[in-house]
Asks: 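Before we start, here is the structure in question, set down as C-alpha cells.
Side chains included, hydrogens not; waters and symmetry mates left out as well; all remaining heavy atoms used. Just so we're on the same page: letters track the sequence lines, and every chain starts at 1.
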Amino acid sequence: MEAEVRIKLKHGVADPEGENTKKALNLLGFRNVRAVETMKTFRIVVEEEAEAGEGGGEEEGREKSEEERVRQEVEEMCRRLLANPVIQDYEIAVVARNCEDFQNAVWNLTQKIPKGRVTTYGEISRKITGSESAARAVGQALAKNPKPGSGEGEIPCHRVVKKGGEVGEGVENKIVLLEGEGVKIKDKETKKGGKVENFKDVFFPAKCEKW
DNA sequence: TACTTGACCATAG
DNA sequence: CCTATGGCCAAGT
C-alpha cells in the first residue's frame, strides 16, 4: 500500500523561496508567471498488516478498511512529524497499489515465496492492486521473468500456481521443480497437468503470516 | 489512440 | 471431470 503526502504552506504564510523563484522567472522572461509556491511531497510505502483472522468469511471489504487504516496511520505521521500544523497544510492520497511498476512488483513479491510453499497469480495481483482482477497480467509479468530459479537473487516463478491449486501453464518442469522442494503434486497425467496436494497447507501466506 | 495478447478467474452447461 | 465464454488488465504494437 502506498500513500502520497503533499505538504504546503498555509495561505498567508510567507514563502520566500516561492517568491524569489517567481521573481527570477519573471526576470528570465516568463512574464506570465503569476504565482509560485513551494511544496514538498513524501511517498510512503506501508507494509500491509497480516490478517489476524480466525476461520470464516473474511475477504470482502478487507481492502477498503486496509486503505482506511493506512490513511489514519499516515495522518498520524503528519501530525507527529511530517507537517507543522501551525504553518502547513497537508493532503493525503492513499493508493491501493505498490509504487513500483507492475512487473517489478510481481517479481519482488515472487522472490519472497519460501521454498516448499506456493501462492497464486490472483493473490499476487491482490497484493499489488488490491484485487485479484489483474491475475492475468501477473502471468504476463512472470512470463518475462528475467531470472528464473530457486537460488539467491533468482525469481522462483514455479511457486506461483492457479487459484484452485492447478499447477497451470508455464515452464515445462514446473512440477519437477516443485516436487524437488517438497511440494507434492497429484493428478499428474491429466489434461490440466497436475494439482498441488494439501494446497491450503502449503499456500503462502498462511493466515497471520506476513508476506 | 486503439487494438491485440496472454503462465488467470468465474460461471454455465 | 471437461469445454466454452466473458471479463480483466498491463504491455506491446
Side-chain angles (χ1 to χ4, degrees), chain A residues 1-4 43 45-46 48 51 53 55-64 66-67 70 93-207 209 211:
Chain A
M1 212 52 95
E2 171 190 343
E4 215 175 80
R43 193 169 59 81
V45 182
V46 182
E48 268 176 65
E51 193 68 9
E58 75 234 75
E59 296 315 312
E60 285 325 293
R62 155 143 75 122
E63 293 308 327
K64 202 62 179 183
E66 175 73 359
E67 199 172 311
V70 171
V94 178
V95 190
R97 66 165 50 222
N98 281 337
C99 45
E100 317 149 272
D101 62 291
F102 191 80
Q103 280 188 60
N104 276 306
V106 171
W107 296 337
N108 284 336
L109 286 172
T110 304
Q111 271 186 313
K112 296 185 190 157
I113 307 168
K115 184 183 276 192
R117 309 283 297 281
V118 298
T119 196
T120 65
Y121 297 93
E123 191 63 22
I124 292 178
S125 165
R126 178 196 309 288
K127 192 78 180 153
I128 298 172
T129 68
S131 100
E132 65 177 20
S133 60
R136 209 167 174 178
V138 170
Q140 301 264 51
L142 287 180
K144 294 178 205 147
N145 183 356
K147 292 185 259 174
S150 317
E152 192 64 28
E154 295 181 317
I155 301 168
C157 57
H158 58 280
R159 294 176 196 155
V160 184
V161 301
K162 295 221 226 173
K163 182 91 175 289
E166 299 93 9
V167 171
E169 311 286 312
V171 284
E172 195 59 46
N173 53 351
K174 202 162 171 181
I175 293 180
V176 178
L177 288 173
L178 285 172
E179 286 178 329
E181 299 181 350
V183 178
K184 299 227 169 47
I185 308 293
K186 63 183 175 186
D187 298 342
K188 296 184 261 188
E189 317 315 326
T190 166
K191 199 124 194 176
K192 289 232 197 124
K195 218 169 158 179
V196 175
E197 244 181 271
N198 301 81
F199 186 42
K200 289 236 133 179
D201 299 331
V202 292
F203 183 83
F204 178 84
K207 281 196 207 307
E209 194 173 26
W211 195 318

Asks: Round to the nearest Å and state the distance from Arg136(A) atom CZ to dA7(B) atom C1'.
Replies: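 After rounding, the gap between these two atoms is 11 Å.
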Asks: Rounded to whole Å, how long is the line connecting atom CD of Gln140(A) with atom P of dA10(C)?
Replies: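 The answer, rounded to whole Å, is 11 Å.
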Asks: Side chain of Lys192(A) only, please: which of dA7(B), dA11(C), dC2(C) is the nearest?
Replies: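 That would be dC2(C).
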Asks: Given atom CD of Glu172(A) and atom P of dA7(B), what is their separation to the nearest angstrom?
Replies: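 Glu172(A) atom CD is separated from dA7(B) atom P by 14 Å.
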Asks: How many whole angstroms separate atom CD1 of Ile128(A) from atom C1' of dC9(C)?
Replies: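 Result: 12 Å.
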Asks: Check the distance between dC9(B)'s C1' and Glu166(A)'s CD and give it to me in whole angstrom.
Replies: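 Result: 11 Å.
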Asks: Ignoring hydrogens and angles, tell me if any N or O in the side chain of Ser150(A) forms a donor-acceptor pair with the backbone of Pro156(A) under 3.5 Å.
Replies: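 Here the side-chain-to-backbone pair does not exist.
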Asks: Between Glu189(A) (CD) and dC2(C) (C1'), how many Å, whole number?
Replies: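 To the nearest whole Å, that distance equals 18 Å.
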Asks: Between Trp211(A) (side chain) and Leu109(A) (backbone), is there a donor-acceptor pair under 3.5 Å?
Replies: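 Checking the backbone N and O of Leu109(A) against the side chain of Trp211(A), a donor-acceptor pair under 3.5 Å is found.
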Asks: Does Lys162(A) make a side-chain N or O approach to OP1 or OP2 of dC8(B) shorter than 4.0 Å?
Replies: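 It does, given that an N or O in the side chain of Lys162(A) lies less than 4.0 Å from OP1 or OP2 of dC8(B).
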Asks: Rounded to whole Å, how long is the line connecting atom CG of Asn145(A) with atom P of dG6(B)?
Replies: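 The answer, rounded to whole Å, is 18 Å.
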Asks: Map Ser133(A) and Asp187(A) onto DNA chain C by nearest heavy atom, then report which one ends up closer to the 5' terminus.
Replies: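 It is Asp187(A) whose nearest nucleotide is closer to the 5' end.
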Asks: Measure NZ/Lys191(A) against C1'/dT3(C) and give the value in whole Å, please.
Replies: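 Atom NZ in Lys191(A) sits about 10 Å away from atom C1' in dT3(C).
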Asks: Answer yes when Lys147(A) and Glu154(A) have at least one side-chain N-carboxylate O distance shorter than 4.0 Å, and no when they do not.
Replies: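 A salt bridge is absent here (no side-chain N lies under 4.0 Å from a carboxylate O).
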